[in-house]
Undergrad: 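First the structure, which I've put down as structure tokens, then a few questions once you've had a look.
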Amino acid sequence: TRQSEQAVASASFLTSVVKKAENERLKARADYPDLADPAVYEMHARLFLWIANNIVIAPQHRQFIIDDDNRDVIRFLLYYFNNCSLAEDVFPGRGYKLHKNIMLQGGLGVGKTMIMQCFSEYLRRIRSPRFFHNLSVTQMVNYYTIHNNFDRYTFCEEDSKGLRPHPENVCLNDVGLNDDKVFYGMNTSVLTDDFLLARNDIWAAWDKFAHITTNLDEK
């Protein structure tokens with residue numbers, strides 16, 4: 001009957017939708033190396049260190065040192081940026097999750113921004129979906145001063161057609177460093193809050209990350 005034919009067609013359509021979604025899930029998983037394998041982790045750890053020393057800080061004529069102060073942070077970030085669930089076990093009890101953004105805290109000059117620069121370059125070279133662009137608060141404020149918006153660093157609708165924003169992953173560095181500065185009547189901290197509010201919407205709707213580095217404490 002016509003009703004039975006429609007039911008069969010509907011069931012077939014739903015099955016194809018589920019199959020497509022499952023294929024997309026498997027493809028997304030395949031985009032990441034399996035750092036749960038110790039041998040794979042070791043290869044990526046060596047690659048990260050090589051990139052840090054030979055690409056990022058080579059012009060400074062010094063070495064990127066992994067020691068007791070940053071070893072666990074580096075291990076966590078290697079797992080995290082490669083979407084490996086072992087990241088959640090590096091700091092037990094902290095509640096760190098793979099789906100959340102990173103907030104890297106520490107005093108002035110401890111190397112927060114440099115670490116994120118190293119990870120950005122590492123992720124770019126392994127063509128990771130979690131690659132992010134580094135952005136300073138000063139750069140963000142200057143862009144806002146010229147364009148009166150954050151579009152390039154938020155929804156990225158400059159060249160879009162229709163309601164199709166193209167946000168990308170970013171890391172906003174040095175949050176809190178210049179909070180007392182005012183540009184054309186706009187307070188830096190106010191602009192930063194507005195920027196992070198927009199990025200939170202992007203994280204929730206498009207699963208695009210906005211990490212930050214800051215010398216501010218949790219208060």
Side-chain angles (χ1 to χ4, degrees), residues 25-53 56-57 63-135 137 168-177 192-193 196-197 199-219:
R25 185 183 69 84
L26 293 174
K27 182 181 181 302
R29 180 184 296 177
D31 287 338
Y32 297 98
D34 182 14
L35 263 65
D37 182 332
V40 175
Y41 174 88
E42 183 62 24
M43 286 191 295
H44 279 264
R46 289 177 181 273
L47 175 62
F48 168 78
L49 188 58
W50 186 89
I51 289 172
N53 280 317
V56 179
I57 65 172
Q63 284 193 315
F64 185 95
I65 303 298
I66 298 180
D67 55 24
D68 291 342
D69 292 326
N70 64 14
R71 183 173 289 106
D72 285 344
V73 172
I74 299 299
R75 184 158 64 97
F76 169 80
L77 291 174
L78 273 169
Y79 284 141
Y80 171 87
F81 284 122
N82 284 292
N83 203 33
C84 178
S85 61
L86 290 178
E88 298 177 2
D89 300 326
V90 175
F91 296 103
R94 297 284 187 90
Y96 297 154
K97 300 296 181 182
L98 285 175
H99 69 279
K100 293 183 177 181
N101 300 292
I102 293 293
M103 180 170 67
L104 200 58
Q105 294 174 288
L108 294 174
V110 300
K112 304 178 298 297
T113 298
M114 183 181 68
I115 285 177
M116 296 306 276
Q117 289 172 339
C118 292
F119 269 100
S120 175
E121 187 65 22
Y122 156 75
L123 294 169
R124 183 180 72 83
R125 289 176 179 269
I126 67 171
R127 300 180 181 180
S128 172
R130 288 203 169 189
F131 164 76
F132 60 87
H133 300 276
N134 274 296
L135 169 70
V137 170
E168 299 185 43
N169 301 319
V170 300
C171 178
L172 184 64
N173 291 294
D174 301 323
V175 172
L177 187 61
T192 301
D193 287 346
L196 293 177
L197 182 62
R199 290 299 319 198
N200 186 66
D201 289 342
I202 291 168
W203 172 69
W206 287 278
D207 198 29
K208 292 294 183 178
F209 294 93
H211 314 298
I212 67 172
T213 67
T214 179
N215 64 315
L216 301 175
D217 58 27
E218 296 179 355
K219 298 178 181 180

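Predicted model only: the values in this text are computed from it and were never measured. Excluded from the calculations below are hydrogen atoms, water molecules and symmetry mates; all remaining heavy atoms, backbone and side chain alike, are included.
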Undergrad: Could you go step by step and tell me if I212 and L196 meet the side-chain contact (heavy atoms from CB on, under 4.5 Å) rule?
TA: CA-CA 9 Å; I212 67 172; L196 293 177; 3.9 Å; yes

Undergrad: Within 45° of the six-membered ring axis of Y80 and under 6.0 Å from that ring's centre, is NZ or CZ of R130 located there?
TA: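 Yes, R130 and Y80 form such a contact.
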
Undergrad: Taking the side chain from S120 and the backbone from N134, do they hold a donor-acceptor pair closer than 3.5 Å?
TA: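 Checking the backbone N and O of N134 against the side chain of S120, no donor-acceptor pair under 3.5 Å is found.
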
Undergrad: If you measure from CZ on R124 to CD1 on I51, what distance do you get to the nearest 0.5 Å?
TA: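 Nearest 0.5 Å value for the CZ-CD1 distance: 8.5 Å.
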
Undergrad: Between N101 (side chain) and A210 (backbone), is there a donor-acceptor pair under 3.5 Å?
TA: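 Indeed, once roles are kept as given, a pair shorter than 3.5 Å links the two residues.
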
Undergrad: Do the side chain of Q105 and the main chain of L216 share a donor and acceptor less than 3.5 angstrom apart?
TA: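 Yes, Q105 side chain to L216 backbone: donor-acceptor pair under 3.5 Å.
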
Undergrad: Would you say W203's side chain and H99's backbone share a donor-acceptor pair under 3.5 angstrom?
TA: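 Side chain of W203 to backbone of H99: a pair is present.
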
Undergrad: Among all residues two or more places apart in sequence or in another chain, which pass the side chain to side chain donor-acceptor pair (under 3.5 Å) test with E42?
TA: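 E42: side chain to side chain donor-acceptor pair (under 3.5 Å) contacts with R46.
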
Undergrad: Calculate, to the nearest 0.5 Å, the distance between atoms CD and CG belonging to Q117 and N173 respectively.
TA: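 The CD atom of Q117 sits 6.5 Å away from the CG atom of N173.
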
Undergrad: Can you list the steps and then say if E168 with H133 is a side-chain contact (heavy atoms from CB on, under 4.5 Å)?
TA: CA-CA 8 Å; E168 299 185 43; H133 300 276; 2.6 Å; yes

Undergrad: Distance check, rounded to the nearest 0.5 Å: L98 atom CG versus F81 atom CZ?
TA: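 Going from CG on L98 over to CZ on F81, the span is 11.0 Å.
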
Undergrad: How long is the span from the SG atom in C84 to the CG atom in D89, to the nearest 0.5 Å?
TA: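 Between atom SG of C84 and atom CG of D89 there are 9.0 Å.
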
Undergrad: For a 4.5 angstrom cut-off between non-hydrogen side-chain atoms, does L78 reach Y41?
TA: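 Of all side-chain heavy-atom pairs linking Y41 with L78, at least one is under 4.5 Å.
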
Undergrad: Counting only N and O atoms by type, is there a donor-acceptor contact under 3.5 Å from the side chain of T214 to the main-chain atoms of V175?
TA: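 Confirmed, T214 side chain pairs with V175 backbone.
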
Undergrad: As a quick check of understanding, evaluate side-chain contact (heavy atoms from CB on, under 4.5 Å) for L49 and I66, giving each step before the final call.
TA: CA-CA 9 Å; L49 188 58; I66 298 180; 4.1 Å; yes

Undergrad: Mind checking whether F64 and F48 have ring centres under 6.0 Å apart?
TA: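 That pair passes the under 6.0 Å test.
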
Undergrad: Taking the side chain from K112 and the backbone from N215, do they hold a donor-acceptor pair closer than 3.5 Å?
TA: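 The answer is no, because no donor-acceptor pair under 3.5 Å joins these two groups.
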
Undergrad: Is atom CZ of R71 surrounded by more than 12 heavy atoms (other residues, nucleotides or ligands) closer than 6.0 Å?
TA: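 For R71, atom CZ is crowded (more than 12 foreign heavy atoms under 6.0 Å).
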
Undergrad: For W50, is there any backbone N or O sitting under 3.5 Å from a side-chain donor or acceptor partner on N53?
TA: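 Not confirmed, N53 side chain does not pair with W50 backbone.
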
Undergrad: Can you tell me how far the CE atom of M114 sits from the OG1 atom of T213, to the nearest 0.5 Å?
TA: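 The OG1 atom of T213 is 12.0 Å from CE of M114, to the nearest 0.5 Å.
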
Undergrad: Before giving the answer on side-chain contact (heavy atoms from CB on, under 4.5 Å), spell out for I115 and F119 the whole-Å C-alpha distance, their side-chain angles and the decisive distance to 0.1 Å.
TA: CA-CA 6 Å; I115 285 177; F119 269 100; 3.8 Å; yes

Undergrad: Between R199 and N169, what is the shortest heavy-atom contact and its length?
TA: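 Scanning both residues completely, I find the closest heavy atoms to be NH2-CA, 4.3 Å.
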
Undergrad: Classify the ring geometry of Y96 against F91: parallel below 30°, tilted from 30° to 60°, perpendicular beyond 60°.
TA: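 Because their plane-to-plane angle is over 60°, the rings of Y96 and F91 count as perpendicular.
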
Undergrad: Please name the pair of heavy atoms, one in A36 and one in L86, separated by the smallest distance, quoted to 0.1 Å.
TA: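 The answer is CA-CD1, 3.7 Å.
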
Undergrad: Run the side chain to side chain donor-acceptor pair (under 3.5 Å) test against E88 and tell me which residues pass, sequence neighbours left out.
TA: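 E88: no side chain to side chain donor-acceptor pair (under 3.5 Å) contacts found.
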
Undergrad: Is a donor on one side and an acceptor on the other found under 3.5 Å between the side chain of H211 and the backbone of I102?
TA: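 Yes, H211 side chain to I102 backbone: donor-acceptor pair under 3.5 Å.
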
Undergrad: Rounded to the nearest 0.5 Å, what separates atom CG in D34 from atom CG in N83?
TA: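 Rounded to the nearest 0.5 Å, the CG-CG separation comes out at 11.0 Å.
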
Undergrad: Which heavy atom of T113 sits nearest a heavy atom of D174, and at what distance?
TA: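 Smallest interatomic distance, heavy atoms only, reads OG1-OD1, 3.3 Å.
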
Undergrad: With a 4.5 Å cut-off on side-chain heavy atoms, are V110 and N70 touching?
TA: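 Sidechains of V110 and N70: no contact.
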
Undergrad: Can you list everything that forms a side chain to side chain donor-acceptor pair (under 3.5 Å) with Y122? Sequence neighbours excluded, please.
TA: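 In terms of side chain to side chain donor-acceptor pair (under 3.5 Å), with neighbours along the sequence ignored, Y122 is linked to H44, N82.
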
Undergrad: Would you say the ring centers of F132 and F209 fall short of 6.0 Å from each other?
TA: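 No, they do not, as the ring centres are separated by 6.0 Å or more.
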
Undergrad: Grab the two heavy atoms, one from M116 and one from C171, that are nearest each other, plus how far apart they are.
TA: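 Smallest interatomic distance, heavy atoms only, reads CE-SG, 3.8 Å.
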
